[in-house]
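The basis for the numbers below is simple: all heavy atoms, side chains too, and nothing from hydrogens, waters or symmetry mates. Labels below follow one simple rule: chain letters A, B, ... track the order of the sequence lines, proteins then strands, and each chain is numbered from 1. Note that the structure is a prediction, hence the values are computed from the model and not measured.
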Protein chains: 2
Amino acid sequence: MADKLTMKDLAQRAGVSEATVSRALADSPRVKLATRTRIQRLAQELGYSPNQLARSIRVQRTQTIGMIIPNILNPFFTSLIRAIEDAAKAQHYDVVIVNTDEQPDAERDAIQLLQGKRVDGLLIASTDPNQDYDRLLGATPTVFVDRAPNGPITYDRLLVDNVAGTQRVIANLITRGARRIGIINSSASATATERLQGYRQALLNHGLPVDPDIIVSARKDNGNVQQMTRQLLQNQKCDALFAADNTILLEVLHKLPELTLSTYFISGFDDNDWLNFVSPAITTAKQPIQEIGVAALNRLLARIANHHLLPTEKRFQPGLVVR
Amino acid sequence: MADKLTMKDLAQRAGVSEATVSRALADSPRVKLATRTRIQRLAQELGYSPNQLARSIRVQRTQTIGMIIPNILNPFFTSLIRAIEDAAKAQHYDVVIVNTDEQPDAERDAIQLLQGKRVDGLLIASTDPNQDYDRLLGATPTVFVDRAPNGPITYDRLLVDNVAGTQRVIANLITRGARRIGIINSSASATATERLQGYRQALLNHGLPVDPDIIVSARKDNGNVQQMTRQLLQNQKCDALFAADNTILLEVLHKLPELTLSTYFISGFDDNDWLNFVSPAITTAKQPIQEIGVAALNRLLARIANHHLLPTEKRFQPGLVVR
DNA sequence: CTGTTAGCGCCTTCAC
DNA sequence: GTGAAGGCGCTAACAG
């Protein structure tokens with residue numbers, strides 16, 4: 001980052017003081033129009049790039065928000081990133097993304113990294129619902145998106161109604177004739193807990209038994225989802241399977257061809273364009289990503305403007321994509 | 001970013017000078033072990049977070065590299081991000097991502113943004129091969145990945161051999177009996193030009209005619225890929241179709257069900273897990289993303305260490321995934 | 001082993 | 001309409 005022009009350089013070449021350059025570049029009416037444009041042109045020609053680090057340290061503001069997500073390979077999160085970036089750009093904020101790869105340690109590092117860069121606020125899709133956020137975050141304005149920590153609402157949270165969403169998916173399976181529905185749930189996130197709850201609820205509502213034998217949970221990095229798929233679907237043990245997220249769903253699909261099955265249903269959470277083209281047809285719950293992203297960003301900006309807002313929780317209703 | 005502890009605060013509470021705090025936190029052996037640990041503990045307890053902006057401005061280094069990509073919704077680029085982040089972390093560098101959404105203006109803004117943040121170097125997957133990078137980049141150490149600007153090699157570039165990759169895909173189609181192969185190419189990127197060239201080459205190699213009527217190019221944001229698909233496949237105009245990237249491929253798949261076709265082949269560039277589950281079976285060229293990312297990062301770090309390296313180009317060979 | 005001093009690049013009073 | 005001076009938080013050279 002060396003050999004860069006500074007305001008001092010510009011001031012010398014223009015024969016004015018640094019202060020004047022600073023004002024000119026800020027287009028302040030306090031400097032004569034002639035010199036103002038002269039300096040601006042000079043800066044342009046010489047390819048001057050203001051040092052935002054220095055500026056930020058002076059004005060105590062970076063105009064940047066940090067975003068921490070568990071898995072950048074998950075299309076749900078990339079869509080969320082897009083939505084938030086767009087909303088931020090419109091408000092003249094930049095966004096810097098950090099990926100935790102579902103690892104609590106990496107999430108801690110991410111928080112410290114972004115605090116070190118003095119972002120004005122943080123958007124977090126929690127990797128570990130039991131993380132000690134109070135200690136880590138201190139007074140940093142923070143909004144949780146999609147995945148919030150356990151416990152009382154001490155931060156703003158904009159979430160999807162996972163319980164209701166899963167209920168709808170499962171209810172749909174039942175309506176279509178499924179009676180023994182297995183579930184492969186994801187990691188220990190709050191999302192997972194809620195989806196399991198929705199699953200239970202739906203079975204109870206329809207007077208079906210909840211059988212622990214067909215409820216399994218997979219740490220995604222652990223390569224055993226395919227094995228679980230076999231155990232659940234073989235020998236007519238289940239006639240339907242709910243994969244709690246995209247990653248799991250793909251693993252399930254990998255295993256299917258080996259198993260010779262007659263009638264069965266597969267469903268999941270999080271919709272994807274490619275789901276339109278795979279067989280068997282897969283029904284999913286689809287989250288209003290755009291909406292969530294925009295709302296989260298706006299909430300964060302509001303909180304940055306006023307640290308004393310009361311933390312609130314907002315739930316968004318997912319839709320059902322029947323296939 | 002206000003109300004944060006500074007070294008001055010720590011110095012006061014510890015009854016030492018700022019300099020000592022600075023040294024203690026850097027774990028310098030020049031400060032007595034007792035005071036060192038005392039200060040470190042204090043910092044820990046109070047949740048002190050060093051201001052990296054101030055540090056960077058002082059040491060003239062951010063330990064951060066910027067990465068500019070055209071489309072974060074494209075899984076190819078998210079995989080590339082992952083590869084580069086991992087490699088960077090291992091070398092104690094942070095990565096900040098900016099997405100251009102395939103818009104040259106946004107790419108210009110991105111370069112300026114990252115220069116303003118004084119990143120130590122830039123990794124760019126070019127959005128516009130005719131962008132005036134020389135002017136924009138100045139002396140910023142830069143390596144192009146996957147998509148490079150047109151013209152002579154004035155920057156390092158780590159690319160995929162798109163010509164060879166496409167040739168292989170097309171040759172595979174021909175081997176399997178295709179005789180009239182249409183192509184829907186992507187935007188005006190260098191990648192697109194090369195894939196078209198590979199397509200032509202493959203046809204010529206097999207003594208097949210190159211018919212301009214079945215070569216079309218789609219700006220992806222423009223919603224006409226489906227129409228092109230119909231035009232190319234209807235009435236047996238073509239017996240195979242090559243979609244030059246993922247986005248285009250998805251559009252093609254959307255259109256297929258409407259068209260009642262007998263035998264035909266679809267193929268594409270960039271492999272995805274879900275391609276294993278769609279019908280028709282789709283053969284693709286698969287890029288060695290991991291390898292490219294690591295190589296690009298290493299090259300950039302080498303260049304940061306020594307600005308006077310001669311720019312070089314390296315091509316990676318894509319594999320063929322036959323389905 | 002520790003403190004003093006200076007300065008990184010910028011913005012913002014306060015003067016004139 | 002412009003300049004001089006100070007300070008944001010940090011590190012590094014120089015003293016002692």
Side-chain angles (χ1 to χ4, degrees), chain A residues 1-40 42-43 46-64 112-113 115-120 138, chain B residues 1-40 42-43 46-64 112-113 115-120 138:
Chain A
M1 78 175 249
D3 55 88
K4 283 267 186 192
L5 283 158
T6 73
M7 283 195 170
K8 192 151 85 179
D9 300 328
L10 287 185
Q12 278 174 354
R13 304 211 198 204
V16 296
S17 74
E18 274 189 71
T20 302
V21 173
S22 176
R23 294 189 188 107
L25 294 180
D27 217 25
S28 157
R30 288 182 51 198
V31 39
K32 190 166 48 171
L33 184 59
T35 42
R36 213 194 304 168
T37 48
R38 184 164 60 87
I39 292 171
Q40 288 173 354
L42 187 70
L46 297 168
Y48 169 75
S49 160
N51 187 327
Q52 301 295 350
L53 303 177
R55 170 165 222 286
S56 292
I57 207 181
R58 177 64 239 260
V59 302
Q60 298 282 309
R61 196 169 18 90
T62 52
Q63 209 69 5
T64 301
Q112 275 162 18
L113 169 68
Q115 288 188 140
K117 288 190 185 298
R118 291 295 186 271
V119 293
D120 294 335
Chain B
M1 78 176 249
D3 53 88
K4 284 268 184 190
L5 284 156
T6 72
M7 283 196 169
K8 194 151 83 180
D9 301 327
L10 288 185
Q12 278 174 353
R13 305 211 196 204
V16 295
S17 73
E18 276 188 70
T20 302
V21 175
S22 176
R23 294 189 191 106
L25 295 180
D27 216 26
S28 156
R30 290 182 51 198
V31 38
K32 190 167 47 170
L33 185 59
T35 42
R36 214 194 303 169
T37 47
R38 183 164 59 88
I39 292 171
Q40 288 171 356
L42 187 70
L46 296 155
Y48 169 74
S49 160
N51 187 327
Q52 300 296 350
L53 304 177
R55 168 162 226 284
S56 292
I57 209 182
R58 177 64 239 255
V59 302
Q60 297 283 310
R61 195 169 18 90
T62 52
Q63 210 68 7
T64 299
Q112 277 163 17
L113 168 69
Q115 289 189 139
K117 288 190 185 298
R118 291 295 186 272
V119 293
D120 294 337

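- If you measure from atom CD of A:Q60 to atom P of C:dC10, you get 17 Å, rounded to the nearest angstrom.
- In this structure, B:I57 places its CD1 atom 12 Å from P of D:dC10, rounding to the nearest Å.
- Listed by chain and number, the residues in a salt bridge (Lys or Arg N to Asp or Glu O under 4.0 Å) with B:R23 amount to none (sequence neighbours excluded).
- Counting only N and O atoms by type, the side chains of A:R118 and A:T64 include no donor and acceptor under 3.5 Å apart.
- Atoms NZ (A:K117) and P (D:dC10) sit 15 Å apart, rounded to a whole Å.
- When rounded to the nearest whole Å, the span between CZ of B:R61 and C1' of C:dG9 equals 17 Å.
- Take B:A43 and apply the side chain to side chain contact (heavy atoms under 4.5 Å, CB included) test, not counting sequence neighbours, and it matches B:L10, B:L25, B:Y48.
- Applying the side chain to side chain contact (heavy atoms under 4.5 Å, CB included) rule to A:L113 yields the partners A:V98, A:K117, B:D94; only residues at least two apart in sequence or on another chain are considered.
- Applying the side chain to side chain contact (heavy atoms under 4.5 Å, CB included) criterion to B:E18, with sequence neighbours excluded, gives B:M7, B:K8, B:A11.
- Scored by the side chain to side chain contact (heavy atoms under 4.5 Å, CB included) test, A:S56 finds A:T62, B:L53 as partners (sequence neighbours excluded).
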Kindly give the atom pairs (protein nitrogen or oxygen, nucleotide nitrogen or oxygen) under 3.5 Å for nucleotides 2-4 of chain D.
residue: D:dT2; atom: OP2; partner: A:K32; partner atom: N; Å: 2.8
residue: D:dT2; atom: OP2; partner: A:T35; partner atom: OG1; Å: 3.3
residue: D:dT2; atom: O4; partner: A:R30; partner atom: NH2; Å: 2.6
residue: D:dG3; atom: OP2; partner: A:S17; partner atom: N; Å: 2.9
residue: D:dG3; atom: OP2; partner: A:S17; partner atom: OG; Å: 3.0
residue: D:dG3; atom: OP2; partner: A:T20; partner atom: OG1; Å: 2.5
residue: D:dG3; atom: N7; partner: A:R23; partner atom: NH1; Å: 3.3
residue: D:dG3; atom: O6; partner: A:R23; partner atom: NH2; Å: 2.3

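- Distance, B:R38 CZ to C:dT2 C1': 12 Å, rounded to whole Å.
- A heavy atom closer than 4.0 Å to some atom of DNA chain C occurs in A:Y48, A:P50, A:N51, A:A54, these being the qualifying members of residues 46-54 of chain A.
- Taking atom NZ of A:K4 as the reference point, atom P of C:dC10 lies 11 Å away to the nearest angstrom.
- Here the side chains of B:D9 and B:K4 are not in contact, with every heavy-atom distance at 4.5 Å or above.
- Atom C1' of nucleotide D:dG7 and atom NZ of B:K8 are separated by 8 Å, given to the nearest angstrom.
- Residues meeting the side chain to side chain donor-acceptor pair (under 3.5 Å) test with A:Q63, sequence neighbours left out: A:R61.
- In this structure, B:M7 places its CE atom 20 Å from P of C:dA6, rounding to the nearest Å.
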Compile the donor-acceptor pairs under 3.5 Å between side chains in residues 28-36 of chain B and protein atoms, sequence neighbours left out, one pair per line.
residue: B:S28; atom: OG; partner: B:R30; partner atom: N; Å: 3.0
residue: B:T35; atom: OG1; partner: B:K32; partner atom: O; Å: 2.9
residue: B:R36; atom: NE; partner: B:S28; partner atom: O; Å: 3.3
residue: B:R36; atom: NE; partner: B:V31; partner atom: O; Å: 3.1
residue: B:R36; atom: NH2; partner: B:V31; partner atom: O; Å: 3.3

